[in-house]
K.L.:
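Quick one: the structure is below, and I'll ask about it shortly.
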Amino acid sequence: MLCFCMLRYVGLIRRWTVFKEKLESSIKKVLEEFEIYDDKIDFKVEIPPEGFGDLSTNVAFILSRILKKNPREIANTICDRLSMEADYSRVEVAGPGFINVDFSIAYLSSVLAEMINAPDFWKTKGDTKIQFEFASANPTGPFTVGHGRQAVFGDVLCRIFSSRGYRVHREMYINDAGRQIGLLGRSLWVRYNQYLGVEEVLPEDGYQGEYLIDIARGLAGEIGERFKGIWNSEIEAFFKKYALDTMLEDIMGTLKRLRVEFDNVFFESSLIDDGTVDSVIGMLDRKELIYESEGARWLKVSSFVEDDDKVLVRSNGSNTYFMTDIAYHYNKHGRGFRKVFDIWGADHMGHIPRMNAAMKALEIEDGFLNVIVHQYVNLKREGEVVKMSTRRGEFTTLDELVEAVGVDSTRYFFAMFDPDTHMLFDIDLARQRSNDNPVFYVQYANARISNVFRTAKEKNVETSRDSLELLDSQEDRRIIKLLTIFPEILDSVVTDYRTNRLTSYLEDLSRAFHGYYNKNIIVDPENPALSGARLALCDAIQNILKNGLELLGVEAPDSM
RNA sequence: GUGCUCGUGGCUCAACGGAUAGAGCGCUGGACUCCGGAUCCAGAGACUGUGGGUUCAAAUCCCACCGAGCACGCCA
């Protein structure tokens, strides 16, 4: 299959892909004329580096292998035929055998006109029901800078998938049923007693962060000495719940300030309470995929994937995280999502094979569960890389970060890295030099355009689509081409989950505009036709900048 | 030890197997009497960790090695 002929867009608007398809079909036609066309000729049409034209193809290289001829020679032959077609203003062979083409200005400006006529041209319609689960956590401490990356990354992916025609359900999973919550409750109880003057020590692997001291103080204010020095299962439950509720409130507040919201918060404990866990165990049992050993119950993971068998139910009768996670995904499947996407930190990578095994064991279709893994954030403070630990209480909270650099910068910063990169966050740099953040560069481009329109209004210069063919400079063409690829950028994010493609794109577009602005007077009352056309171009640019920033959850102020 | 991820100018990061490896920060030198100088233009700065291999073409794919991170629990 030819990779570029996938018709991914449905709609009336002509887009860059249509340009690609146009060149592709032109070439196909030439090959057919020469009777060498074959489905297996997997050539590409792509946007070349600056200075080589509007589009470029490597078809001559592919053919040279088959025909055993010099690629340049083949390119010249194809080039001669393509030159005869209208809509190409230039067709040239370059380098070792690339064929580069330029489109006519009439063709380009007609595309610009369509983008202006339909500002939503870049959106895709659809109603595929999918789910994103992210920012799921042990609610055992405030969110750290590390959680921030996942929260923002997940939120931006949700926004982009929504724009691509998916009905996205956002969910956060709370591990409120495990041993860690028990430790948290006990740690809080110890802090409460310490506050009341009782000498208690934190459990070996308890939570040492100061936030528990603050919570303990608040709790003592509420209930006084009611639980001083007493510990039983009822009190344990109280402290667990109190700690959990307080932490959850804190976390949700942080997320809200970061503009991250969910359609649903799902509690692990509910899967035990409503019997889902038991019924899933029953199903696996009937399939004879569970066996007992050393007092525990194991899933035959090894009969599905390259991994060892794992414990589902401990010898003390409690469920492992793996067990409840299987039940959780069984529940998700039952809710009718076409696909679910789980965003996990790199530390959960080892969990993937066993979950895939569990999906197979439950006969859930391949492709239902998609795990997106991102690397963690290292923090640089006072020139040193610090490792964060919630348990030891050593971390910079997400709230502190947002406070220091602002929501827009925080969001943009997390979105601008390839999720696979082990990013280094220099907190000191972020604090003092927040103006260096590229978010301002993009926002400024948008604000500048708003100002251009204010000026145009003052000077009575009107936006006009009548003379778009005047926009024929290299800079004009570059901007028009950039605008047309916006939908492709979003599609690439949907394909490989790299939100940084969007930030890079917005920076490219902003750079193109800033350069254009410095080189050209946009509002010139002496030249209303050209000014009108340039304002129309600005309108198209601003439409994309505003929508791009909206997808990042970053504000697009009209003045800064 | 095994598996996964990563290694790109001084720093932080880009680059569907393609042309001269791009930006930003920092550094040097320039640009509004004119729509906002949070901008623009120019310059210096890189044998893409090392060594092989595949290809017309490798930062990208394959193998080995070096280095960093993560995971290898009846934690989550």
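In the text below, chain A, chain B and the rest are named by the order of the sequence lines, each starting its count at 1.
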K.L.:
For A/L424, report the nucleic acid contact type (base, sugar-phosphate, nothing); a contact means any heavy atom under 4.0 Å.
P.N.:
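Sugar-phosphate contact only - A/L424 comes under 4.0 Å of backbone atoms but never of a base.
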K.L.:
Check the phosphate of B/rC75 against A/R314, side-chain N and O only, distance under 4.0 Å to OP1 or OP2. Yes or no?
P.N.:
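A/R314 to B/rC75 OP1/OP2: side-chain N or O found under 4.0 Å.
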K.L.:
Classify the nucleic acid contact of A/D307 as base, sugar-phosphate or nothing, counting any heavy atom under 4.0 Å across all strands shown.
P.N.:
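No contact.
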K.L.:
Kindly state whether the pair A/Y441 / B/rG24 counts as stacked, where counting means centroids closer than 5.5 Å and planes tilted less than 30° apart.
P.N.:
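No; by the centre-distance and plane-angle rule, A/Y441 does not count as stacking on B/rG24.
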K.L.:
With sugar-phosphate meaning primed atoms plus P, OP1 and OP2, does A/R65 contact a base, only sugar-phosphate, or nothing at under 4.0 Å between heavy atoms?
P.N.:
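Answer is base: heavy atoms of A/R65 come under 4.0 Å of a base.
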K.L.:
Using a cut-off of less than 4.0 Å, is there contact between a side-chain N or O of A/Y517 and OP1 or OP2 of B/rC41?
P.N.:
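For A/Y517, the contact criterion (side-chain N or O under 4.0 Å from OP1 or OP2 of B/rC41) is not met.
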K.L.:
Please tell me whether A/N316 and A/S318 have a donor and an acceptor in their side chains that are separated by less than 3.5 angstrom.
P.N.:
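Result is yes, a qualifying pair exists.
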K.L.:
Please check if the number of heavy atoms outside A/E292 that lie under 6.0 Å from its CD is greater than 12.
P.N.:
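Result for CD/A/E292: enclosed.
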K.L.:
For a quick check of understanding: with a heavy-atom distance under 4.0 Å over all strands, which category does A/E306 fall into, base, sugar-phosphate or nothing?
P.N.:
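A/E306: no heavy atom of the nucleic acid under 4.0 Å.
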K.L.:
Would you mind classifying the nucleic acid contact of A/P49 as base, sugar-phosphate or nothing, using non-hydrogen atoms under 4.0 angstrom?
P.N.:
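Contact class for A/P49: base.
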K.L.:
Does a donor on one side chain sit under 3.5 Å from an acceptor on the other, for A/Q180 and A/Y207?
P.N.:
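There is such a pair between these side chains.
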K.L.:
Closest to the A/S56 side chain: B/rC56, B/rA19, B/rA38?
P.N.:
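Nearest listed nucleotide: B/rA19.
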K.L.:
If you check the A/D418 side chain, which of B/rA14, B/rA71, B/rC74 turns out closest?
P.N.:
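Between B/rA14, B/rA71, B/rC74, the one nearest the side chain of A/D418 would be B/rA14.
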K.L.:
Given B/rC35, B/rU39, B/rC4, which nucleotide is nearest the side-chain atoms of A/H514?
P.N.:
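From the listed options, B/rU39 comes nearest.
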K.L.:
What is the minimum heavy-atom distance between A/L471 and A/A533, and which atoms define it?
P.N.:
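Minimum heavy-atom separation between A/L471 and A/A533: CD1-O, 3.6 Å.
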K.L.:
Does the ring of A/F98 meet both stacking tests against the six-membered base ring of B/rA19: centre distance under 5.5 Å and plane angle under 30°?
P.N.:
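Taking the rule of under 5.5 Å and under 30°, the ring of A/F98 does stack on B/rA19.
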K.L.:
Give A/S318 one of three labels, base, sugar-phosphate or nothing, depending on what nucleic acid heavy atoms sit under 4.0 Å from its own.
P.N.:
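Answer is nothing: A/S318 stays at 4.0 Å or more from every strand.
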K.L.:
What is the nucleic acid contact for A/P48, judged by heavy atoms within less than 4.0 Å: base, sugar-phosphate only, or nothing?
P.N.:
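Base contact.
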K.L.:
Output the single nucleotide from B/rG17, B/rC74, B/rC35 whose closest atom is nearest the side chain of A/V311.
P.N.:
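Selected nucleotide: B/rC74.
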K.L.:
Do the side chain of A/H422 and the base of B/rA68 come within less than 3.5 angstrom through a donor-acceptor pair of N or O atoms?
P.N.:
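Donor-acceptor pair under 3.5 Å: no.
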K.L.:
Is A/R448 close enough to B/rA38 that one of its side-chain N or O atoms is under 4.0 Å from OP1 or OP2 there?
P.N.:
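A/R448 to B/rA38 OP1/OP2: no side-chain N or O under 4.0 Å.
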K.L.:
Quick check: any donor-acceptor pair below 3.5 Å linking the side-chain of A/N500 to the base of B/rA15?
P.N.:
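For A/N500, whose side chain was compared with the base of B/rA15, there is no donor-acceptor pair (under 3.5 Å).
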K.L.:
For the base of B/rC74, is there a side-chain donor-acceptor partner from A/T320 under 3.5 Å away?
P.N.:
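No, the side chain and the base share no sub-3.5 Å donor-acceptor pair.
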K.L.:
Base, sugar-phosphate, or nothing for A/D176, non-hydrogen atoms under 4.0 angstrom?
P.N.:
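Nothing: the residue A/D176, judged by heavy atoms under 4.0 Å, touches no strand.
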K.L.:
Does A/S504 make a side-chain donor-acceptor contact with the base of B/rA23, cut-off 3.5 Å?
P.N.:
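There is none.
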K.L.:
B/rA15, OP1 or OP2 - any side-chain N/O from A/R498 closer than 4.0 Å?
P.N.:
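Indeed, a polar side-chain atom of A/R498 lies that close.
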K.L.:
So that I can compare with my own list, what are the stems of RNA chain B, taken as at least three consecutive Watson-Crick or G-U pairs with distances under 3.5 Å?
P.N.:
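Only these stems qualify: B:1-7 with B:66-72, B:10-13 with B:22-25, B:27-31 with B:39-43, B:49-53 with B:61-65.
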K.L.:
Among side-chain atoms of A/D347 and A/Y376, is any donor-acceptor pair under 3.5 angstrom?
P.N.:
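Distance-only check passes for A/D347 and A/Y376.
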